[in-house]
**Student:** 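Following this message is one structure expressed as structure tokens.
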Amino acid sequence: QALALAGTNDFVSLPYRMPASGSIALWYYAPGLWYNYNSVFDNSGDANDYECWIDKDGGLYFRPTRSTPAAGYNLGGNSNRWYHIVGTWDALSSNVVLYVNGVERGRTAITNGSAWPVAGTNVFIGGGNAGNSSGTGIASDFQIFETPLSSNRVAQLYSEFGSRGGLVAYVPFDGTAVDVANSNAVVVGGAPTYVKTQGGFLKGLSCRGGS
């Protein structure tokens, strides 16, 4: 299951206070067109703390505090696809690292010598802080770790979906022209199977381990 965000304040609030060192990981479907700002997740303490977002140029950014330059990676024109995003922060080393699809893409460090901010009591998926704009996309497998993950562990998280047989995608259709979105037909590889409702009506295709 995944959380669909339509950009209309339909965020999720999790009652959890971020630790001084930690990591956030999730799968996120980033749709186009890019805009300012697609909030992936943020925090109730401050709009600019423990925040991840995508800007109008496709830049993906993460920062645990407004006093730290954000670690960033440009997604370019590659919208309308899934990304595995991990942001880590470490109070001991002052390092902030952004991983995308299992690979380190950006790194920065706290620069003014101040301590990490005290996080608010809630974590938001989809931009719940009033100081941020809402997110538009789909979030799945959201995880919080109370340690900065190593690059090896991040790579393992990214590859785990393969060990489970791949992403499970359902392509619903009803036999109308609307099934071909934006004039681009869906191409299903692997070994797709038909999924039916209890009444036996065709619901769609399920493809595990394909594309």
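The analysis underlying the following values was restricted to heavy atoms, covering all of them including side chains, and did not include hydrogens, waters or symmetry mates.
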**Student:** Please assess Phe124 against Phe11 for the test ring pair (Phe, Tyr, Trp, His ring centres under 6.0 Å), listing each intermediate value before the final yes or no.
**Tutor:** CA-CA 7 Å; Phe124 299 128; Phe11 61 89; 5.3 Å; yes
**Student:** Just checking, any donor-acceptor pair under 3.5 angstrom between side chains of Asp55 and Asn36?
**Tutor:**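 There is no such pair between these side chains.
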**Student:** Kindly give the heavy-atom pair with the smallest separation between Gly137 and Pro31, and that separation in Å.
**Tutor:**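 Taking Gly137 first and Pro31 second, the nearest heavy atoms are CA-CD, 3.7 Å.
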**Student:** Can you tell me if Tyr50 and Thr65 form a side-chain donor-acceptor pair at under 3.5 Å?
**Tutor:**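 Thr65 and Tyr50 do not have a side-chain donor-acceptor pair below 3.5 Å.
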**Student:** Between the side chains of Tyr61 and Asn74, does any donor sit under 3.5 Å from an acceptor?
**Tutor:**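 Tyr61 vs Asn74: no donor-acceptor pair found between side chains.
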**Student:** Which atom names give the shortest non-hydrogen contact between Ala139 and Ile125, and what distance separates them?
**Tutor:**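 Result for this residue pair: CB-CG2, 3.9 Å.
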**Student:** If you compare all heavy atoms of Phe145 against all heavy atoms of Ala25, which two are closest, and at what distance to 0.1 Å?
**Tutor:**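 Heavy-atom minimum between the residues: CE1-CB, 4.1 Å.
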**Student:** Closest approach of Ser21 and Ala91, non-hydrogen atoms and distance?
**Tutor:**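 Looks like OG-N, 2.9 Å.
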**Student:** For Tyr37, look at atom OH and say whether over 12 heavy atoms of other residues, nucleotides or ligands are found less than 6.0 Å away.
**Tutor:**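 At most 12 heavy atoms, drawn from other residues, nucleotides or ligands, come within 6.0 Å of this atom.
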**Student:** Between Glu146 and Arg17, is the closest basic N to carboxylate O distance under 4.0 Å?
**Tutor:**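 Between Glu146 and Arg17 there is no salt bridge, as every charged N stays at least 4.0 Å from the carboxylate O atoms.
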**Student:** Quick check: do Arg107 and Asn95 have side-chain heavy atoms less than 4.5 Å from each other?
**Tutor:**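 With C-beta onward as the side chain, the pair touches.
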**Student:** Assess, by modelled atom type and distance only, whether the side chains of Ser93 and Asp90 contain a donor and an acceptor separated by less than 3.5 Å.
**Tutor:**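 Asp90 and Ser93 do have a side-chain donor-acceptor pair below 3.5 Å.
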**Student:** Between Trp89 and Met18, what is the shortest heavy-atom contact and its length?
**Tutor:**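 Reported closest heavy-atom pair: CH2-SD, 3.9 Å.
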**Student:** Can you pull out every side chain to side chain donor-acceptor pair (under 3.5 Å) where at least one residue sits in residues 118-129? Sequence neighbours excluded, please.
**Tutor:**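 Passing the test, one end in residues 118-129: Ser13-Asn122.
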**Student:** Using the six-membered ring wherever Trp is involved, compare the ring planes of His84 and Trp27 and label them parallel, tilted or perpendicular (cut-offs 30° and 60°).
**Tutor:**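 His84 vs Trp27 ring planes: tilted.
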**Student:** Ion pair present between Arg66 and Asp49, side-chain N to carboxylate O less than 4.0 angstrom?
**Tutor:**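 The answer is no: the pair does not qualify as a salt bridge.
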